[in-house]
Amino acid sequence: ESYSTEESYKALKSAGVIQITGGEISVNSLDDAIHAAQSVTISGGVLSLMSRDDGIHADGTVNITGGTIDIQICYEGIEGEEVNIGGGTISMLAADDGINAADTSQSGQSDRMGTFGGWGGSSGDSSLLVNITGGVITINAYGDGIDSNGSITMSGGELYISGPLSSNNGAIDYDGSFQMSGGILVAAGATGMAQTPDSSSAQPSIMLYFSQTQSAGSAYLLTNDSGTVLLSYTPVKEFQCTVFSAPELTSGSTYHLYESADGTLDNATLLYDVTLSSTITSVGGGSYGNSTQNWQTQQNFQPQQNNQRRP
């Protein structure tokens with residue numbers, strides 16, 4: 001049996017597969033915190049990860065069905081050609097994309113933590129997929145919140161995104177299709193590259209544009225006519241538009257969006273009344289390419305540059 005003597009800055013690394021079923025794992029690495037040449041499977045455990053590159057990376061497939069995963073800082077949170085999430089509690093802070101389905105042979109960059117975000121540009125690839133069927137996922141990303149160079153499917157779980165401040169990225173970014181058939185989705189970010197799930201989706205979505213940039217810290221609650229809160233989310237960064245989707249949404253019904261300083265309806269301010277007219281209902285009108293975020297303020301988040309990629 002032969003071994004490589006080439007230096008690597010990855011933490012947990014396998015030329016084949018990595019399987020995590022339990023335990024407590026804490027990583028602070030210059031390169032990927034968890035990296036497998038084939039697949040990464042996580043079904044349990046408590047993971048606390050810090051990385052100057054990817055939090056979790058597989059050249060093939062990432063499968064997460066359980067566990068608590070906190071990616072405290074990274075360049076990209078979870079990356080693979082196929083990312084399947086069916087359970088667990090996942091949170092991340094990413095300098096670029098939160099979840100990324102990409103051709104991993106083309107995903108390397110010479111300076112992983114030197115910049116925020118980036119431009120897309122590849123065409124849709126049917127082999128690349130983000131598939132969410134369960135779990136609770138909270139993403140704070142300065143690039144795309146969820147990015148698939150192929151497609152996205154969501155049939156369950158909860159996905160909350162505080163997306164990019166600059167309009168050359170989107171809270172949701174896909175090149176193929178995004179079929180939404182279940183679960184809760186809230187994606188807040190800039191307007192320039194904002195996307196919604198496909199109009200052919202089984203579950204309706206609402207895209208709300210704001211005339212002014214909204215500040216972070218307030219809770220946004222979506223209710224039905226009876227006053228039942230269908231979803232609630234508190235963005236951690238300013239934003240200009242938000243996508244909402246929930247299983248209770250039905251075409252022809254009216255819903256109400258409130259802003260609340262304390263997360264309750266008691267002292268909340270009504271922002272919008274929205275009657276769903278189709279699978280995708282857009283309210284407020286967009287301002288493509290507009291961003292109030294000054295690039296220099298983003299540099300406060302920038303860690304020290306790492307100018308070399310290691311195997």
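All figures in this text were calculated on a predicted structure; none of them were measured in a lab.
S162 pairs by the side-chain hydrogen bond (donor to acceptor under 3.5 Å, both in side chains) definition with Y233, not counting sequence neighbours. In this structure M207 satisfies the side-chain contact (heavy atoms from CB on, under 4.5 Å) test together with A194, T196, Y209, C241, V243, S282, sequence neighbours excluded.
Side-chain N or O atoms of S177 include none that pairs as donor or acceptor with a backbone N or O of Q179 at under 3.5 Å. Side chain of D97 to backbone of D144: a donor-acceptor contact under 3.5 angstrom is found. Looking only at distances, a side-chain donor or acceptor of Q214 sits under 3.5 Å from a matching main-chain atom of Q212. K237 places no side-chain N or O within 3.5 Å of a backbone atom of N140 that could act as its donor or acceptor partner. At least one donor-acceptor pair closer than 3.5 Å links the side chain of D32 to the backbone N or O of D54. One N or O on the side chain of S51 and one on the backbone of D31 form a donor-acceptor pair closer than 3.5 Å. A donor-acceptor contact shorter than 3.5 Å links the side chain of T281 to the backbone of S277. Side chain of S245 to main chain of P204: a donor-acceptor pair is present (N/O by atom type, distance under 3.5 Å, no hydrogens or angles). Within the 3.5 Å criterion, the main-chain N or O of M180 finds a donor-acceptor partner in the side chain of S201. Although no hydrogens or angles enter the test, the distance criterion places no donor-acceptor pair under 3.5 Å between the side chain of D198 and the main chain of S200.
What you find for S251 and S278 is that their closest heavy atoms are OG-N, 4.1 Å. Residues P197 and L185 come closest through the heavy atom pair CG-CD2, 3.9 Å. Nearest heavy-atom pair across Y142 and L165 is CE2-CD1, 3.8 Å. The two atoms that bring D53 and C74 nearest to each other are O-CB, 3.5 Å, heavy atoms only. Minimum heavy-atom separation, Q203 to T279: O-CG2, 4.0 Å. Among all heavy-atom pairs drawn from P235 and A188, the shortest one is CG-CB, 4.3 Å.
At a threshold of 4.5 Å between non-hydrogen side-chain atoms, the residues I42 and T65 do not count as touching. At a threshold of 4.5 Å between non-hydrogen side-chain atoms, the residues S43 and I64 do not count as touching. Residues L257 and L208 form a side-chain contact, since some pair of their non-hydrogen atoms from C-beta on lies under 4.5 Å apart. Side-chain atoms of D59 and H35, non-hydrogen and from C-beta on, do get closer than 4.5 Å to each other. At least one side-chain heavy atom of H256 sits less than 4.5 Å from a side-chain heavy atom of L270. Contact check for L222 versus L249: side-chain heavy atoms found under the 4.5 Å cut-off. F244 is not listed as a side-chain neighbour of L230, based on a closest heavy-atom distance of 4.5 Å or more. Put simply, the side chain of T133 reaches to within 4.5 Å of the side chain of S155, judged on heavy atoms.
The aromatic rings of Y220 and F239 stand perpendicular to each other, their planes meeting at an angle above 60°, with 30° marking the opposite boundary. Taking the six-membered ring where the residue is Trp, Y174 and F178 present perpendicular rings, their angle passing 60° and hence far from 30°.
A donor-acceptor contact under 3.5 angstrom links the side chains of S218 and E259, judged on distance only. Under 3.5 Å, the side chains of Q72 and S48 contain a donor-acceptor pair of N or O atoms. If you check the side chains of N63 and N84, you find a donor sitting under 3.5 Å from an acceptor.
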- Item | Audit row: T264, Y258, side chain to side chain contact (heavy atoms under 4.5 Å, CB included) steps and yes/no | CA-CA 9 Å; T264 70; Y258 293 87; over 6 Å; no
- Task: Report the C-alpha separation of T213 and E238 in whole Å, then their side-chain angles, then the decisive distance to 0.1 Å, and conclude whether the side chain to side chain donor-acceptor pair (under 3.5 Å) test is met.
- Result: CA-CA 7 Å; T213 298; E238 64 180 33; 5.0 Å; no
- Message: Determine whether I137 and I85 satisfy the following criterion, side chain to side chain contact (heavy atoms under 4.5 Å, CB included), listing intermediate values before the conclusion.
- Response: CA-CA 9 Å; I137 308 160; I85 299 176; 3.8 Å; yes
- Please walk me through it: do V186 and L231 pass side chain to side chain contact (heavy atoms under 4.5 Å, CB included)? CA-CA 8 Å; V186 184; L231 55 83; 3.8 Å; yes
- Task: Apply side chain to side chain contact (heavy atoms under 4.5 Å, CB included) to the pair T68 and D70, showing each step before the final yes or no.
- Result: CA-CA 7 Å; T68 299; D70 181 14; 5.6 Å; no
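With rounding to the nearest 0.5 Å, the separation of CG in L47 from CD in E24 is 10.0 Å. One distance of note links CD1 of I206 with CD1 of I280; it measures 9.5 Å at 0.5 Å rounding. In this structure, the separation between CG on L128 and OG on S151 is 8.5 Å, given to the nearest 0.5 Å. The CE atom of M50 sits 6.0 Å away from the CD1 atom of I73 when rounded to the nearest 0.5 Å. To the nearest 0.5 angstrom, D103 atom CG is 7.5 Å from S127 atom OG. In this structure, the separation between OG1 on T89 and CD1 on I69 is 9.0 Å, given to the nearest 0.5 Å.
Follow the hydrophobic side-chain contacts under 4.5 Å out from I56 and you never reach V17; the two are in separate clusters. I71 and I20 fall within the same hydrophobic cluster, where Ile, Leu, Val, Met, Phe, Trp and Tyr residues are linked whenever their side-chain heavy atoms come under 4.5 Å apart, directly or through other members. Note on V283: it clusters hydrophobically with F210, by side-chain heavy-atom contacts below 4.5 Å among ILVMFWY residues. No path of Ile, Leu, Val, Met, Phe, Trp and Tyr side chains, each step under 4.5 Å between heavy atoms, connects I146 with L129, placing them in separate hydrophobic clusters. L265 and L271 end up in different hydrophobic clusters when Ile, Leu, Val, Met, Phe, Trp and Tyr side chains are linked at under 4.5 Å.
Among residue pairs with one or both ends in residues 182-205, none qualify as ring-ring contact (aromatic ring centres under 6.0 Å, His included); sequence neighbours excluded.
Partner S148 forms a side chain to side chain contact (heavy atoms under 4.5 Å, CB included) with one of D175, N131, I99, V130 and no other, that one being V130.
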